[in-house]
Amino acid sequence: QKEVEQDPGPLSVPEGAIVSLNCTYSNSAFQYFMWYRQYSRKGPELLMYTYSSGNKEDGRFTAQVDKSSKYISLFIRDSQPSDSATYLCAMSAMGDDKIIFGKGTRLHILP
Amino acid sequence: ETGVTQTPRHLVMGMTNKKSLKCEQHLGHNAMYWYKQSAKKPLELMFVYNFKEQTENNSVPSRFSPECPNSSHLFLHLHTLQPEDSALYLCASSSGLAGDNEQFFGPGTRLTVL
């Protein structure tokens, strides 16, 4: 079993829809959970950063962590064509500077 | 310049060439990273430097040789590469402080090995 599993997509949704992106993981030591967005020909940029379980909201983006299920989600409300990118989940354990990434999900928002 | 910069942005090299990738961070960070990003695979951590000391070498072949002369600069020296080494090579930096895992990425160097 891979440490982090993420459906590569592509995922296509109409503009204005709510997008749900998910990852599962196997290492119960992970405490830090991140979502990165990567546009074509660019490096990843950090979108959301959460510690342990719970929800975090930032504008149209909401990150959820369910440690009991080893499952994390990123929700995008009122999706825009500019949200079209690859979204990578990432996580790390306490005291570990190594981040483990998912493969990334390619998202297309259709105008 | 702000953030993390990488040069060159694109590189095509033969298997017998020697080339170097350069990364510079303008964020006052103390940790720097090299990652390899291949199609349909997760980002693979290659090397970690923390306060200029190499703290991680993720079983990377010796044809990749990192160098970190100071906390702002990171190089990846390449020699006798293989076609399967073609990928996007990303540099990242972070504060290096315990508990702060936020990494900032450069735009990457797209490497093609012929």
Side-chain angles (χ1 to χ4, degrees), chain A residues 1-11 21-27 29-52 56 58 63 65 72 85-107, chain B residues 2-10 21 23-25 27 29-51 53-60 87-111:
Chain A
Q1 182 184 10
K2 295 185 175 63
E3 275 200 288
V4 178
E5 299 269 10
Q6 184 177 13
D7 186 338
L11 178 64
L21 304 168
N22 312 292
C23 287
T24 58
Y25 63 94
S26 58
N27 188 346
F30 288 146
Q31 296 273 21
Y32 299 96
F33 303 92
M34 292 147 275
W35 285 95
Y36 282 82
R37 177 176 61 195
Q38 186 174 19
Y39 290 115
S40 180
R41 305 183 193 286
K42 296 280 183 71
E45 57 174 324
L46 184 66
L47 258 186
M48 301 287 280
Y49 183 102
T50 54
Y51 171 70
S52 195
K56 183 174 183 179
D58 184 1
V65 175
I72 69 171
T86 296
Y87 290 80
L88 302 110
C89 64
M91 43 202 84
S92 66
M94 179 83 74
D96 192 350
D97 59 5
K98 281 172 53 175
I99 295 179
I100 309 300
F101 286 84
K103 288 185 181 180
T105 300
R106 287 182 58 196
L107 174 66
Chain B
T2 58
V4 181
T5 58
Q6 290 186 244
T7 54
R9 294 293 308 276
H10 301 273
L21 309 185
C23 175
E24 184 173 359
Q25 59 94 2
L27 299 169
H29 287 163
N30 293 300
M32 297 187 77
Y33 310 78
W34 279 118
Y35 287 89
K36 176 183 179 183
Q37 188 174 37
S38 306
K40 302 188 192 306
K41 293 175 73 174
L43 273 171
E44 299 172 56
L45 179 65
M46 299 174 73
F47 301 103
V48 181
Y49 278 83
N50 208 331
F51 292 88
E53 298 295 322
Q54 185 174 314
T55 58
E56 187 80 29
N57 177 338
N58 220 18
S59 304
V60 180
L88 181 68
Y89 288 84
L90 289 159
C91 173
S93 71
S94 70
S95 68
L97 301 176
D100 181 5
N101 291 32
E102 185 173 355
Q103 294 184 13
F104 294 79
F105 285 83
T109 294
R110 174 69 62 185
L111 174 67

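Each chain gets a letter, A, B and so on, in the order its sequence line appears, and its residues count up from 1.
- In this structure, chain B has heavy atoms under 4.5 Å from both the backbone and the side chain of A:Pro44.
- You'll find the side chain of B:Leu43 stays beyond 4.5 Å of the side chain of A:Gln38, heavy atoms only.
- Chain B forms the most heavy-atom pairs under 4.5 Å with one residue out of A:Ala90, A:Ser92, A:Gly104, and that residue is A:Ser92.
- Most heavy-atom pairs under 4.5 Å with chain A: of the set B:Lys41, B:Gln103, B:Gln6, B:Arg110, this distinction falls to B:Gln103.
- At least one donor-acceptor pair closer than 3.5 Å links the side chain of B:Arg9 to the backbone N or O of A:Arg41.
- With a 4.5 Å cut-off on non-hydrogen atoms, A:Leu88 touches chain B through its side chain but not through its backbone.
- The OG atom of B:Ser94 lies 7.5 Å from the CD1 atom of A:Ile99; values are rounded to the nearest 0.5 Å.
- Looking at A:Tyr36, only its side chain comes within 4.5 Å of chain B, counting heavy atoms on both sides.
- Proximity to chain B (any heavy atom under 4.5 Å) is shown, for A:Met94, by neither the backbone nor the side chain.
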